[in-house]
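Working notes for the structure below.
Each ligand, and each atom within it, is numbered from 1 in the order the structure gives. Only heavy atoms go into these numbers, but all of them, side chains included; no hydrogens, no water, no symmetry mates.
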Amino acid sequence: MKKQIQQIIDAVKESQRILIVGHVSPDGDCFGSMFALGMELERQGKYVRTSAGEGLTDKYNFMRDYLNCCAAKDLDEEEFDLVIAVDTADDYRVGSILEPIFKKQPLKISIDHHMTNPGFSDINWVEERSATGELIYELLKEMDAPITVRTANALYAAIMTDTGNFIYSNTTPETLRLAAELVSIGAEVQMLAEEIYNKRSLGATKLMGAAIDTIKLYHDEKIAIMYADYAMIEGCGAVPADCESLINFAREIDTVEIAMLVREINKTRYKVSLRSKKYADVAQLAGFFGGGGHHFAAGCTLDGTMEEVMEKMLMKAEELI
Ligand code: AMP
Ligand code: MN
Ligand code: MN
């Protein structure tokens, strides 16, 4: 058994009250990993709370009965023996509300697949895999945990979303083997695809159109920038979580190597999502601005006006083309 897995199992054994946290703007890997792990820890008789961002988002509502995931602001002042951060590349990525709560816990564990993760916990299991869900599955197997249909759904959703439904370059033979195992256990492939990819509100649909309208191409049409601000999101009747996969529209343009989506956090702070296609290392680009991620998918947060942020990102992105 891997050293970190043994350490995690020992830490869990000695803990009764466990907090599981994920990153802001939580995605399928984040929710799926939190729930699969949290459900098993509850089965082991632990008191478990999970929290990430604004809590469960519509797209992942099919998991609402699996475990409660509260918004960071609704997490009660409670004492925990252990906190486990999943799919979270850096401590600040849990968000400004959870960060002090995370930091004050007596024992911290990090389970993550971002190679830019600096190892910010007492026990750090960081390994390059398609999704954190792959690591959670390995951990559950080492714990001899029963894998229920709910666990299989949560883990399948985690792996499916981070591999873009098994089409990104991070889809390895092992990823597909694990997914196949989850399907044989009962993961509901069609339901999950329907919920996650083939269903959206009218507001989210309109936001796709509005965001596509903002796309501009630079540098021989190899760099695409698009944006989404609150005025657009509200005007369309959408919610911020509907921005999750907008960047794909920019990435999918045939000439584009680097795609960027600039999202308003407030009028002087913006979150930038980065994607590349064949060669550009966007983790390095994000890292330059204090962010991180993977070679082909990364993110960072910048201060300034929307125009300033776009200008800075564009200048640096051009160096990678
Ligand atoms: P996103 O564009 O938010 O979908 O993020 C793309 C990938 O980069 C995901 O794996 C994120 O977890 C990671 N990521 C995004 N923002 C950051 C950041 N500020 N620091 C480290 N990793 C990030
Ligand atoms: Mn994630
Ligand atoms: Mn992930």
*Would you please name every residue forming a side chain to side chain donor-acceptor pair (under 3.5 Å) with Gln4, sequence neighbours left out?*
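So Gln4 forms no side chain to side chain donor-acceptor pair (under 3.5 Å) with any residue.
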*Ring geometry between His294 and His114 (parallel below 30°, tilted from 30 to 60°, perpendicular above 60°)*: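 Because their plane-to-plane angle is under 30°, the rings of His114 and His294 count as parallel.
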_Qualifying residues under ring-ring contact (aromatic ring centres under 6.0 Å, His included), relative to Tyr270, sequence neighbours excluded_ = none
*asked:* Less than 6.0 angstrom separating the ring centers of Tyr156 and Phe166, yes or no?
replied: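 Between Tyr156 and Phe166, the centre distance is under 6.0 Å.
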*From the options Thr88, Asp87, Asp112, select the one residue that forms a side-chain hydrogen bond (donor to acceptor under 3.5 Å, both in side chains) with His23.*
Asp87
*Report yes or no: do Thr268 and Asn266 form a side-chain donor-acceptor pair below 3.5 Å?*
yes
*For Glu188 and Asn153, does a side-chain donor sit closer than 3.5 Å to a side-chain acceptor?*
yes
*Under a 4.0 Å heavy-atom cut-off, which residues neighbour ligand 1?*
Ala89, Tyr92, Arg93, His114, Lys271, Ser273, Arg275, Gly291, Gly292, Gly293, His294, Ala297, Ala298, Gly299, Cys300
*What protein atoms of element N, O or S are positioned under 2.8 Å from the Mn ion (ligand 3)?*
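Near the Mn ion (ligand 3), the protein supplies Asp29 OD2, Asp87 OD1, His113 NE2, Asp162 OD2.
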*Look at atom CD of Glu40 and say whether more than 12 heavy atoms of other residues, nucleotides or ligands are closer to it than 6.0 Å.*
yes
*Mind checking the OG1-CG spacing from Thr151 to Leu37? Nearest 0.5 Å is all I need.*
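Spacing of OG1 (Thr151) from CG (Leu37) equals 10.5 Å.
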